[in-house]
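Notes follow once the structure below has been shown.
Residue numbers start from 1 in every chain, and the chains themselves are labelled A, B, ... in the order their sequence lines are given, proteins ahead of strands.
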There are 2 protein chains.
Amino acid sequence: MARPRQFDEDRVITAAMETFWRHGYEGTSTRDLCDSTGLGPSSLYNTFGGKRELYLRALERYYATVTAEQVARLNEPGSAKERLRAMMLHSIDSDLDDAEGRRGCFAMNAAVEVAALDPDVKSAVRRCFDRVEDELCAVVGAGQAAGEIPSGRDARALARLVQSTYYGLRVLSRVQDDRKALLATVDSTLADL
Amino acid sequence: MARPRQFDEDRVITAAMETFWRHGYEGTSTRDLCDSTGLGPSSLYNTFGGKRELYLRALERYYATVTAEQVARLNEPGSAKERLRAMMLHSIDSDLDDAEGRRGCFAMNAAVEVAALDPDVKSAVRRCFDRVEDELCAVVGAGQAAGEIPSGRDARALARLVQSTYYGLRVLSRVQDDRKALLATVDSTLADL
DNA sequence: TTCGTTTTGAATCAGTCGCTTCAAAACCCG
DNA sequence: CGGGTTTTGAAGCGACTGATTCAAAACGAA
């Protein structure tokens, strides 16, 4: 029928996600995106529509990959608290790793930078957060069923408490390099469950 | 000796802070700053040096005003838990208020958007966070002395736990409008102390 | 009033912004 | 191979970026 594309759409979105993740929405120019994806501007606009649409696609990709990994990590073998700890530990170590560029959590970055200005971004970010919350809830529920966590309190409420502390720690990790202090807070949270 | 300035430097910094706060660092242009401050570009550059320096001054101003208000709110009359609750409640209501433009916490915005790229911004933000942490620690200590909070655990550790949950809630408030759910998490945190 | 100093506004710098246009190239189907 | 369709690269759109220049204006001190 017609000329086929020379690029893999998934690869392009992944490359765009990396760029947005590292430099933010306003900090990323269309030329940056062309450079990192290897696409010319016409291909980029022809395929995705524009910078904003590509950003939304990048957030979807984040949900499908990184958020999925977080969920998977919560479902690895171990007690409920061990699994909660593993997820938080992994994120903190990732946040503090210079080799990863200290880019933090892409969904959180989008929440802070763009969510107030763009309802679609807000929805995409909430989708990530809600998915994590649901899985935290499941893990807490399992812990309660196993007698590891007291059943007196609502699993959802406990999950939200863990979730808040978790994202708070990821904020602090942007300016606070003391890994031990962050880990101590993780353990305080788990001890309270 | 020479021609005096036609503007009040404090007013200019405050106006610049509002603009940076609302639109972020990259989202604010020098012309935006000229418009909001009323200064011409030459006056602005002559006085402050450039956009980055003005941003740092804006962060200092945030510390001197908003962070100071948070600290003051922690020192109002009432029990320790009442004071902790008052601070968190005030911030959440501020975050959810459309009339305030849903701009969140300027220090947190700076932490997420700029801190990784600019050590001076990182320091300025940490100054805000550390000030809040210290005051939280004092309040927790007072609660322990009054018998309101068990003395078994380190006040500093408890303060950091509250602080993490606090900033986590402010992240969630960017995409989550359910005030009751956020407040429930505040109460869960306080109940655990 | 005159001098020396600083501030101010207007104009403008080269470079970049997000985005568009368009003709040539590349493909599949018949 | 020819016809129809899509993708591609290059060039460029007007607007805006952070920053600078410079002469005129506005003051205090002598």
Review item, nucleotides 21-25 of chain C N/O atoms under 3.5 Å of protein N/O:
| residue | atom | partner | partner atom | Å |
| --- | --- | --- | --- | --- |
| C:dA25 | N3 | A:R3 | NH1 | 2.9 |

query: Out of A:Y62, A:F106, A:F48, which one pairs with A:Y55 under the ring pair (Phe, Tyr, Trp, His ring centres under 6.0 Å) rule?
result: A:F106
- prompt: Can A:R160 and A:D154 be counted as an ion pair, charged N to O under 4.0 angstrom?
  reply: no
task: May I ask you to decide if B:D32's main-chain N or O and B:D35's side chain share a donor-acceptor pair within less than 3.5 Å?
output: no
message: I need the single residue from B:I92, B:L84, B:T165, B:V162 that forms a side-chain contact (heavy atoms from CB on, under 4.5 Å) with B:V186. Which is it?
response: B:I92
message: Less than 4.0 angstrom between a side-chain N/O of A:Y45 and OP1 or OP2 of C:dT20, yes or no?
response: no
query: Which nucleotide in the list C:dC19, D:dT8, C:dG9 gets nearest to the side chain of A:K51?
result: C:dC19
statement: Taken to the nearest whole Å, CG/A:N46 to C1'/C:dT20 is 11 Å
query: Expressed in angstrom and rounded to an integer, what is the separation of B:Q6 atom CD from C:dT8 atom P?
result: 5 Å
message: Distance check needed: C:dG18 P versus A:F48 CZ, whole Å only.
response: 16 Å
query: Roughly how many Å is it from CD in A:E26 to P in C:dT16, rounded to a whole number?
result: 18 Å
query: To the nearest angstrom, how far is B:R31 atom CZ from C:dA11 atom P?
result: 13 Å
Residue mapping more 5' on DNA chain D - nearest nucleotide basis, B:T30 or A:L39: A:L39
- request: Figure out the CD/C1' separation between B:E53 and D:dG18, and round it to whole Å.
  value: 12 Å
query: Are any of B:S29's side-chain N or O atoms less than 4.0 Å away from OP1 or OP2 of D:dT17?
result: yes
query: Can you check the B:F7 CZ to C:dT7 C1' distance for me, whole Å?
result: 8 Å
query: Is it true that B:K81 and B:E148 make a salt bridge, defined as a side-chain N closer than 4.0 Å to a carboxylate O?
result: no
query: Does the pair A:R170 and A:N109 meet the rule for a side chain to side chain donor-acceptor pair (under 3.5 Å), with working shown?
result: CA-CA 10 Å; A:R170 300 198 75 167; A:N109 299 352; over 6 Å; no
message: Within the 4.5 Å heavy-atom criterion, are A:M88 and A:L190 side-chain neighbours or not?
response: yes
Nearest atoms (heavy-atom pairs only) where A:R102 meets A:D95: NH1-O, 3.6 Å
query: In whole angstroms, how far is the P atom of D:dA19 from the CG atom of B:D32?
result: 14 Å
query: Is the CZ atom of A:R52 crowded by more than 12 outside heavy atoms at less than 6.0 Å?
result: yes
task: Name all stems that contain residues of DNA chain D, defined as runs of 3 or more consecutive Watson-Crick or G-U wobble pairs, both distances under 3.5 Å.
output: C:1-30 with D:1-30
